There are 12 protein chains.
Amino acid sequence: MSDPVFRKLEIVGTSAVSIEDAIARGVAAVATGEAVDWFEVLETRGAVRDGKVHQYQVVLKVGVRVKA
Amino acid sequence: MSDPVFRKLEIVGTSAVSIEDAIARGVAAVATGEAVDWFEVLETRGAVRDGKVHQYQVVLKVGVRVKA
Amino acid sequence: MSDPVFRKLEIVGTSAVSIEDAIARGVAAVATGEAVDWFEVLETRGAVRDGKVHQYQVVLKVGVRVKA
Amino acid sequence: MSDPVFRKLEIVGTSAVSIEDAIARGVAAVATGEAVDWFEVLETRGAVRDGKVHQYQVVLKVGVRVKA
Amino acid sequence: MSDPVFRKLEIVGTSAVSIEDAIARGVAAVATGEAVDWFEVLETRGAVRDGKVHQYQVVLKVGVRVKA
Amino acid sequence: MSDPVFRKLEIVGTSAVSIEDAIARGVAAVATGEAVDWFEVLETRGAVRDGKVHQYQVVLKVGVRVKA
Amino acid sequence: MSDPVFRKLEIVGTSAVSIEDAIARGVAAVATGEAVDWFEVLETRGAVRDGKVHQYQVVLKVGVRVKA
Amino acid sequence: MSDPVFRKLEIVGTSAVSIEDAIARGVAAVATGEAVDWFEVLETRGAVRDGKVHQYQVVLKVGVRVKA
Amino acid sequence: MSDPVFRKLEIVGTSAVSIEDAIARGVAAVATGEAVDWFEVLETRGAVRDGKVHQYQVVLKVGVRVKA
Amino acid sequence: MSDPVFRKLEIVGTSAVSIEDAIARGVAAVATGEAVDWFEVLETRGAVRDGKVHQYQVVLKVGVRVKA
Amino acid sequence: MSDPVFRKLEIVGTSAVSIEDAIARGVAAVATGEAVDWFEVLETRGAVRDGKVHQYQVVLKVGVRVKA
Amino acid sequence: MSDPVFRKLEIVGTSAVSIEDAIARGVAAVATGEAVDWFEVLETRGAVRDGKVHQYQVVLKVGVRVKA
């Protein structure tokens, strides 16, 4: 049908490697159960240990289709 | 009970007709499964084709009661 | 005089019909007592009953002239 | 090509009729010269005369494709 | 595993007693079904009756772990 | 009537005791002259003396009914 | 008494001369009727004619004491 | 015609003299080619040299008429 | 002298007891070394354990006088 | 001359590879015609296909010199 | 070295004379101890006495170089 | 003790290589003198030369523990 409805879920993906990897892990965790169409980055933050970035934490909105 | 708890869901309703129609479609899609009490418009946007508005896309927060 | 001063009042107009009608009712309620020059929409929200929009609630800033 | 670039222009469309009409007029004014893909509403405001809405003024971001 | 994913739910907790009690009730309503790690206060508002605060309404983001 | 109009007033309530007490004092000061329906907290701040909180200052929007 | 209450009014002061002069005119217009304690600048804008600034328009919040 | 369309351009005006002068220079640079109606200040910043303000940098939105 | 200068420090105070106690601990930690004049609450958040609030975390701006 | 004026353009750069690559492509598309001095990231978002990030979309402000 | 690091300090400069003078005093107070590169205005506010502006208070971010 | 206090410092890390490298350099510059626990990205921007990104500039809040 021509008037779809979407839901936006808020997710925090994390990674020790990069911002892109944290996004990918957050998106993948939602995509196991739902049809993900797009993401938006809300916040980028992370944990530090011994003066080094230990974990990137990226807060995402993820758009999923709920009605075709 | 006198201290209810609500959840707020984020929804994108779409319509070729009007902003009000996009809101109605977003609200209705949630209301098939949950008791919707109110909505809040977060963003109004849309798709354009041949110089005309082809689809309104309204991002909504929708409030549903989770505990009476 | 050439340096007017304005006041901005915050109003919530409501309507069962449309967003434009809620704006009109909010503006009209102020305009019975003051000279309204402009409005700005701050928020658009509403009440839902039985899965349908029951009332649009539009929060407005309304500009009124206090000194010519 | 698979990595398009877009420009976003900021436009104010106006109308005496409705918010949707103001959006349409803003979009159409850009679309005479450029390929418009989408719009986003930034602000809705308007002029008041004799206690009535005289003109809706809708501030839009309009997305146009600059490189295919 | 070392790259957890979290979801953030938006909740409105209410209480006649205090802001802290409204937070506790919102958190507890989620925690019956999910492992809550943290909360963030987005808005504090409330209902007034006879010139007195009748109910605090605290809008919260609540973080829950979805993948260890 | 079914389309009420509200005004929102901005108030700063203060208290040496607690945030809730500052809200109550702000709301009560408006409620001596007008029918207050709800409040929204905009900012929480305060004065410090000798390293201790001397006064909480809570900036509120207070909603009052102007037309039934 | 030791727990004062303040109201914040929103004012637009205008001047052909400078930003400071527009603030002064906005503050003065309120101060003819109320005890003004402080101001906060929300927006600075203005009108242009023949490529020159014709009028500064400064939107202010003005704090007035309503209860000692 | 009664439904004009405007474009808003983002400009950074700079000056060693004052904030007002930086606004004037930004507005004037646009006004050589277009009919400027109004400006809005988005940001005020500047460069410092030897502990003194060396240059004011004012980020402006400038409104120009694109269709009468 | 009549033109004081202040610095604003950003602090996170924590407490298991209440929001007010978290503010007090944040303010007190700064006040051992500097003359604190005021605080502003930026964020209120906290940790949850076993479905209960375990720790309030209040992010504050704290104003200290650097030049009389 | 010592008081330059800049324009800020809003661009969306896209890439299948990384956030940095999307920035580079957006900047390069402007730089073919204008002297770009700096960029600012406004939003990072993207398209998802089959549970994987298919395209990064980075919204940029790009600063270009219009008067030396 | 080619990858400098900066710190941003938050300062409130005050003046009875003008906004520019309040900025200058805030910047100068930091510049006695550190190498200031730039400032950004966050808020402009002030105290009022007898209906006149008594003191401008300008909240600034000030950028200082911490590693060449 | 169980109620720690943190300070948040604002830092700009720069790098010619990537956003992640700019974060690492900003964090490392603080961590030579203080125990850094976490970071939050506030802004991502950069310098452009000859149509290419010459330097990423990432504005960070960095959280350091001031009282155990």
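Just so we're clear, the structure is a prediction, and the values are computed from it rather than from any experiment. Residue numbers begin at 1 in each chain, while the letters A, B, ... track the order of the sequences.
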*Asks:* Please tabulate, one pair per line, the N or O donor-acceptor pairs under 3.5 Å between chain B and chain C.
*Replies:*
| from | atom 1 | to | atom 2 | distance (Å) |
| --- | --- | --- | --- | --- |
| B/Glu20 | OE2 | C/Ile19 | N | 2.8 |
| B/Asp37 | O | C/Val48 | N | 3.0 |
| B/Phe39 | N | C/Gly46 | O | 3.0 |
| B/Phe39 | O | C/Gly46 | N | 3.0 |
| B/Val41 | N | C/Thr44 | O | 2.8 |

*Asks:* Please report the shortest heavy-atom distance between B/Val58 and B/Ala22, naming the atom on each side.
*Replies:*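 Heavy atoms only, the tightest pair is CG2-CB, 3.7 Å.
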
*Asks:* Using non-hydrogen atoms and a 4.5 Å limit, figure out which bit of B/Leu60 sits close to chain C: side chain, backbone, both or neither.
*Replies:*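 Contact with chain C: none, neither part.
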
